[in-house]
Amino acid sequence: MKNLIYFLILAPYFLQGQENCQGSFTEYYLNSNNIRASFFPRGNRFTDGSNGAFHAPYPAAGKLSTIFSSSPWLAGYDYFGKFRIAEETYPNQVEYNFNVGPLTYIGLPYPDCANYDRAWNVFFEDISLHMQDYNLDFKIDDTIPAIFGWPGRGNKYFARFNGFELPLDEQGLADFFDANGNNIYDPDAGDYPALNLSQNFIVPDQMMWMVFNDVDTSNQKTGKLPVRAEFQLTAYAFHCQDKPWLNNTIFTKYKIINRSVLPLDSMFFGLWTDYDLGCSEDDFMGSDSTRHTEF
């Protein structure tokens, strides 16, 4: 009887949480150097839903996209040896595996998941102005929305600029430089969005953050059990004319959290990619294992 009562409490919340979690399939663009790349907040990359949207070089006389679509894949086994997988290929509004938004600590979507159908976006110029403002007299006079609305852990200004509250997440959300070391994003105390790479904080020319999950099985294309994983994606780029390789490169950083109540084993992560070089019959690719590179 105890288990039955527990289910009755959780089930309405789970059904409510799935509402509008699919996302609107609206693309956001990373475009601060010679590449213009699209991202859906629900996980798909480099497509607008119908055409390739990884334009390189950009701008160009024509919209030349070298990739048609790309999505993350995650697969492995749960505690009972059952196979679980999170994967998509092309964005599909009828059959889909990914949904927008974070998950609770027991792997359920939040009721306000539709609010995460967006990518938070910040530019170097915004961060530079914010830092200058704070360093002038150690207080902020100009509350730049991209800075004060950044989804950093514990941001007390987040609801004012976004219209909803951030979840209290011990795993952390979007990266930021923590000036006073309290593990809370305080933009009024000198904190600012910054990429955290092994405690080295870098400010790219453009940085986007989005969060999605694979928990909804009602429209799964695979028919397999979900991983119950939360994916936090940071996409960023640099504009460096004196370093052509950086000016022709974009970066993505995935933080993947197991929100299942059970441990997972033998997990593998990869990126499914449909390249778009020439016609659809000759998109050959290869890999160089010594350099961990595909071409």
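Side-chain atoms are counted along with the backbone in the values below, which use heavy atoms only and exclude waters and symmetry mates.
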Hey, is the main chain of Asn51 close enough, under 3.5 Å, to the side chain of Asp48 for a donor-acceptor pair? yes
Any donor and acceptor pair, going by atom type alone, linking the side chain of Asp191 with main-chain N or O of Ala179 inside 3.5 Å? yes
Do Val122 and Tyr192 sit in the same hydrophobic cluster, where Ile, Leu, Val, Met, Phe, Trp and Tyr count as joined when their side-chain heavy atoms come under 4.5 Å apart? yes
Would you find more than 12 non-hydrogen atoms of other residues, nucleotides or ligands less than 6.0 Å from Phe124 atom CZ? no
Taking atom CD of Gln22 and atom CG of Asn97, what is their separation to the nearest 0.5 Å? 11.5 Å
Side-chain donor-acceptor pair present, Ser71, Asn44, cut-off under 3.5 Å: yes
Between Trp120 and Asn162, do the side chains contain an N or O donor and an N or O acceptor separated by less than 3.5 Å? yes
Spatial distance of atom CE (Met207) from atom NZ (Lys253) [nearest 0.5 Å]: 9.0 Å
Begin with the C-alpha distance, continue with both residues' side-chain angles, and end with the deciding distance and a verdict on side chain to side chain contact (heavy atoms under 4.5 Å, CB included) for Thr252 and Thr234. CA-CA 6 Å; Thr252 54; Thr234 305; over 6 Å; no
With rounding to the nearest 0.5 Å, note down the distance linking CG in Asp178 to CG in Asn183. 6.5 Å
Can you tell me how far apart CG (Asp205) and CG (Leu246) are? Round to the nearest 0.5 Å. 9.5 Å
For Asn155 and Arg153, does a side-chain donor sit closer than 3.5 Å to a side-chain acceptor? no
Whether the side chain of Thr290 engages the backbone of Asp288 through a donor-acceptor N/O pair (distance < 3.5 Å, no angle test) should be reported. no
Exercise: identify the closest heavy-atom pair between Pro102 and Pro167: CG-CG, 4.2 Å
Would a distance-only check, ignoring hydrogens and angles, find a side-chain to backbone donor-acceptor pair under 3.5 Å from Gln232 to Gly172? yes
Are Phe123 and Met131 co-members of a hydrophobic cluster defined by side-chain heavy atoms under 4.5 Å apart? no
Would you check if there is a donor-acceptor pair between the side chains of Ser24 and Asp117 at a distance under 3.5 Å? yes
I want to know whether Phe158 and Phe164 have ring centres closer than 6.0 Å. yes
Lys/Arg cation over aromatic Tyr29: Arg36, 6.0 Å, 45° cone: yes
Between Glu230 and Lys255, is there a side-chain N and carboxylate O pair less than 4.0 Å apart? no
Is atom CZ of Phe201 surrounded by more than 12 heavy atoms (other residues, nucleotides or ligands) closer than 6.0 Å? yes
So how far is it from Lys139 NZ to Asp141 CG, rounded to the nearest 0.5 Å? 5.5 Å
Side-chain donor-acceptor contact under 3.5 Å, Asn213 with Arg228: no
Are Leu108 and Val261 joined in one hydrophobic group, where the rule is that I, L, V, M, F, W and Y side chains link up if heavy atoms are under 4.5 Å apart? yes
Would you check if there is a donor-acceptor pair between the side chains of Ser70 and Thr273 at a distance under 3.5 Å? yes
Given the rule that I, L, V, M, F, W and Y join up when any side-chain heavy atoms are under 4.5 Å apart, are Ile147 and Trp209 in one cluster? yes
Could you check whether atom CD of Glu125 has more than 12 heavy atoms from other residues, nucleotides or ligands sitting under 6.0 Å from it? yes
Is Tyr134 reachable from Ile144 through a run of I, L, V, M, F, W or Y residues, each pair having side-chain heavy atoms under 4.5 Å apart? yes
Using atom types as modelled and distance alone, determine if a side-chain donor or acceptor of His130 lies under 3.5 Å from a backbone N or O of Pro187. yes
Can you check whether Pro226's main-chain N or O pairs, donor with acceptor, with Arg84's side chain at less than 3.5 Å? yes
For the residue pair Phe231 and Phe98, is the inter-centroid distance of their aromatic rings smaller than 6.0 Å? yes
Does Phe161 have its ring centroid less than 6.0 Å away from the ring centroid of Tyr157? no
Does Asp142 offer a backbone N or O that forms a donor-acceptor pair with the side chain of Asp133 under 3.5 Å? yes
What I want to check is whether the side chains of Asn247 and Asn33 have a donor and an acceptor closer together than 3.5 Å. no
Ring geometry between Phe269 and Tyr254 (parallel below 30°, tilted from 30 to 60°, perpendicular above 60°): tilted
Going through the distances and angles, do Thr104 and Tyr110 end up as a side chain to side chain contact (heavy atoms under 4.5 Å, CB included)? CA-CA 7 Å; Thr104 68; Tyr110 286 91; 3.8 Å; yes
When you compare the side chains of Ser198 and Asn200, does any donor N or O come within less than 3.5 Å of an acceptor on the partner? no
Member of Tyr275, Phe46, Trp272, Phe54 meeting the side chain to side chain contact (heavy atoms under 4.5 Å, CB included) criterion with Ser69: Trp272
Are Phe39 and Tyr28 close enough that their ring centers fall under 6.0 Å? no
On the 0 to 90° scale, with breaks at 30° and 60°, tag the Tyr236-Phe238 ring pair as parallel, tilted or perpendicular. perpendicular
Spacing of SG belonging to Cys21 relative to OH belonging to Tyr96, to within rounding of 0.5 Å: 8.5 Å
Side chain to side chain donor-acceptor pair (under 3.5 Å) test vs Gln206 passes for just one of Asp126, Asn121, Asn31, namely Asn121
Asn196 backbone acceptor or donor facing Asp175 side chain under 3.5 Å: yes
Note: Asp188-Lys156 ion pair, threshold 4.0 Å (strictly below): yes
